[in-house]
Amino acid sequence: MQAPWSPAGSGLGIALFTGAATEIGRIQALMTSLPPMQTPLLRRVNRLARILSAAVLVLAALALAVGLSHGQGLESTLLAAVSLAVAIIPEGLPAVISITLALGVQRMASLGAILRQLPAVETLGSVTVICTDKTGTLTKNRMQVATALLAESTIHAPFAAPPPQDREGLTKLATAAVLCNDAQIGEQEEALGDPMEQALLHFAHHLGLLSAAIRETHPRRDTLPFHHERKFMATAHDEGRVFLKGAPEVILDLCDREWHPHGLQAIDRNSWRERIDALAEDGMRTLALASGRSPEASWEEPTQGGWTLLGAVALLDPPRPGVREAIQRCLLAGIRMQMITGDHPRTAAAIARHLGFMAPGDAVITHEQWAAASTAERRHLAATTKVFARVHPEDKLQLVETLQQQGEIVAMTGDGVNDAPALRRADIGVAMGRSGSDVAREAAAMVLSDDHFAHIVDAVAEGRRVYANIRKTLQFMLPTSFAQGLVVLLAVLVNTEMPITPLQILWVNTLTASTMALVFAFMGGDRRLMEQAPRPPREALIPPALWRRMALFTVLTVAVVFLIFHYDRFSHSLAQARTLAVDTLMIMEAALLIALYGRPRRDRGDAVAGLALLLCLASQYLFGAIPSLQRLFATANPDEADLPILLGAGILSYGVARILWDAESRTVATSGNDASQKADGKAS
């Protein structure tokens, strides 16, 4: 077989399996078997839509029944019922939600997080657990050999001038690292291949050994590729020479001898384990290298043992700048962190402790422990474990599913083909833009342009802002929509004139949806959003307490509009009274908008809010002042004597709204303090 680094040559390949029988086919089948995930926002919106639909049907039926019982004509009664339905249904809500999500996607793209699915922007704000890889996400993925272990010595970088007594041992160790390696170094020291194997080639070059010359002297004859079940790689060369490279705990068990300058000696496994574990405790990734001679008949069974341990290397992959701070933001926001890596348990634990989300006494769970656990035990492990090490690709998928069964909203990061099922199954899959495979990026809902974990935290903050703005939109649209409809229903119940006509309701709906409701799409985020606990996964879009506040404001609006209409009707025409009723409704809606928006945030949302209010008030003035609109909507010229009435209605509306929604703000602040206390406990 031609060596993979050879620039030319020919070879013969035999395909043993194709299509679904291959490893890629198995992964594809696993992905297609997963049911499509619905985002938390869509689930909440669908639930709200069912509630609104039922409410509209009940109220419209009530209006129809009461109107007919009062002896009103079928046509007028049907018109009232339809007007009620049109008033209550927030027709502009889908458009406002889409615009809010689109603006969120745009902001995230500027932060380095590219969303492939529009609703995923809100899902990030609902995340309760982030499952993250270590290498390349939390760390730089720029490995370098920091320490080399020989039987009788420990040598630290740099390796340009090693002690004379260690020169031969380091040469043998570096030679094995070059031969049992698929990476390449170009003419300008540009390395290609796995970052860990690149680091091994640079280690040899620092010792003055050229990888090209070593490989030319010892051409490769066969390869046993690395596999997560074997946890090692092996290559065969001339004269039956074999080199092994892999996880220390596996390589040590395969070796019965160790190399010494004065000859081979029986291996002291306990001593090697202690030395390797000490390096792993410092957050280094460790590899052991061995060699031996194998007859052709036993080449495919290197696990039979009998190999000679040459030594071990410890590679340092430092955390990315800003990752520790980003993780602390997650903990402060009440989001649990879980590291899922194929590295040594001690290495993974050291990095987790350094980044501040794992305490010294916390346990690390390996593949063997996870695979042996029962369903109940897995739920406990998923809920309490912060680091999973030596995991297999299937473990990631199982962990995500276990967390979701417990009601968690899971974000999963990954970059390889084997990560694709877990990325697809997670509520929000996050793929690496630079180091990630095409399959991983296709399976994920979000792609990090520069593989930086900090962007995930920025995206979570943006997702929370989007969700808060959508909820603000609902808090504005639902009370105003219900107020319009209930004004009609109240008129039917008491068998009196309609304060607002169906056409006037359409006018109000158009202004509400096209101007005022859009304000919240541009609204900036509250600084306290990342100090609050994640929303409960099963929490409704509108909790019961919020329904009660909106109901109180709706009742107030209906009562004020109805009373003002009948008060004005004593001294003015029907058109004049209806004009005042519509003006009152619009003023109260504008006051609610100001109360919900709160103090200025010094961003473009302030300008949008000011422009929307200006357009709304100007349009409302023209609504009663222009003759053509008077004829169309059956309105009359505004009366200056009505200004104190409108001003009083606006002040009353604003004051009540502030009282009602300030209570909600205090509740949010309390939950934020609770999240901070939990974060302090986690960090400690």
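Just so it is clear, the model here is predicted, and its values are computed rather than measured.
In this structure, the side chain of Lys396 does not engage the main chain of Ala422 through any donor-acceptor pair within 3.5 Å. Of the possible donor and acceptor atoms, none in the side chain of Asp166 sits under 3.5 Å from a partner among the backbone N and O of Pro163. Looking at Gln198, its side chain does come within 3.5 Å of a backbone N or O of Gly193 through a donor-acceptor pair. One N or O on the side chain of Gln338 and one on the backbone of Thr385 form a donor-acceptor pair closer than 3.5 Å. Side chain of Arg230 to main chain of Pro225: a donor-acceptor pair is present (N/O by atom type, distance under 3.5 Å, no hydrogens or angles). Under the 3.5 Å distance criterion, the side-chain polar atoms of Thr347 are matched with a main-chain donor or acceptor of Met284. Between the side chain of Arg116 and the backbone N or O of Ala444, at least one donor-acceptor pair lies under 3.5 Å. Under the 3.5 Å distance criterion, the side-chain polar atoms of His237 are matched with a main-chain donor or acceptor of Pro219. For His392 (side chain) and Glu394 (main-chain N/O), no donor-acceptor pair under 3.5 Å exists by modelled atom type. Side chain of Gln404 to backbone of Arg425: a donor-acceptor contact under 3.5 angstrom is found.
Distance check: Met108 CE to Leu448 CG gives 11.0 Å after rounding to the nearest 0.5 Å. Atom-to-atom distance recorded for Lys231:NZ and Leu287:CG is 13.5 Å, nearest 0.5 angstrom. Rounding to the nearest 0.5 angstrom, the gap separating the CG atom in Asn181 from the CG atom in Leu200 is 5.5 Å. A distance of 5.0 Å separates NE2 of His156 from OG1 of Thr147, quoted to the nearest 0.5 Å. How far OG of Ser153 is from CG of Leu170: 7.0 Å, rounded to the nearest 0.5 Å.
When every heavy atom of Thr286 is checked against every heavy atom of Ala314, the shortest pair comes out as CG2-CB, 4.2 Å. Residues Glu258 and Ala151 approach most closely at OE2-CB, 4.0 Å, considering heavy atoms. Heavy-atom minimum distance, Val400 versus Ala426: CG1-CA, 3.8 Å. Taking both residues in full, the closest heavy atoms of Arg441 and Gly433 are given as NH1-O, 3.3 Å, listed atom of the first, atom of the second, then distance. Nearest heavy-atom pair, Lys386 versus Phe357, reported as atom, atom and distance to 0.1 Å: CD-O, 2.6 Å. Residues Ala454 and Ala326 come closest through the heavy atom pair CA-CB, 3.8 Å.
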| said: Let's go through Trp259 and Leu173 carefully: what are the C-alpha distance in whole Å and the side-chain angles of both, what is the deciding distance for side chain to side chain contact (heavy atoms under 4.5 Å, CB included) to 0.1 Å, and is it a yes or a no? | reply: CA-CA 10 Å; Trp259 185 89; Leu173 188 65; over 6 Å; no
| request: Just do the side-chain hydrogen bond (donor to acceptor under 3.5 Å, both in side chains) check on Gln369 and Thr366 with the steps written out, would you? | output: CA-CA 5 Å; Gln369 294 169 296; Thr366 63; 3.2 Å; yes
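Because its NZ or CZ atom is both nearer than 6.0 Å to the ring centre of Trp272 and within 45° of the ring axis, Arg275 counts as a cation-pi partner of that residue.
The residues Asp253 and Arg273 are annotated as salt-bridged, a charged nitrogen and a carboxylate oxygen being separated by less than 4.0 angstrom. For the pair Arg221 and Glu239, the salt-bridge criterion is not met [side-chain N within less than 4.0 Å of a carboxylate O]. Between Lys140 and Asp317 no salt bridge is recorded (no basic side-chain N to carboxylate O distance below 4.0 Å). Between Asp395 and Arg378, none of the side-chain N atoms (NZ, or NE/NH1/NH2) sits under 4.0 Å from a carboxylate O, so this pair counts as no salt bridge.
A heavy-atom distance below 4.5 Å is not found between the side chains of His202 and Gln144. Side chains of Leu179 and Arg215 form a contact here, defined as non-hydrogen atoms less than 4.5 Å apart. Side-chain contact between Leu403 and Arg336 is present, with heavy atoms from C-beta onward closer than 4.5 Å. Within the 4.5 Å cutoff, no side-chain heavy atoms of Leu355 are placed close to those of Phe453. Looking only at side-chain heavy atoms (C-beta outward), Ile267 and Arg257 stay at 4.5 Å or farther from each other. Side chains of Asp419 and Asp133 form no contact here, defined as non-hydrogen atoms less than 4.5 Å apart. Between Phe243 and His218 the shortest side-chain heavy-atom distance does not fall below 4.5 Å. Side-chain contact between Asp182 and Asp194: absent, with no pair of heavy atoms (C-beta onward) separated by less than 4.5 Å.
Under the 30°/60° scheme for interplanar angles, the aromatic rings of Phe388 and Trp370 are found to stand perpendicular.
With a 6.0 Å radius and a threshold of 12 heavy atoms from other residues, nucleotides or ligands, His260 has its NE2 atom above the threshold.
His455 pairs in a side chain to side chain contact (heavy atoms under 4.5 Å, CB included) with only one of the listed residues (Asp450, Val430, Val460), which is Asp450. Tested against Arg285, the residues Asp343, Thr341, Thr139 include a single side-chain hydrogen bond (donor to acceptor under 3.5 Å, both in side chains) partner, Asp343.
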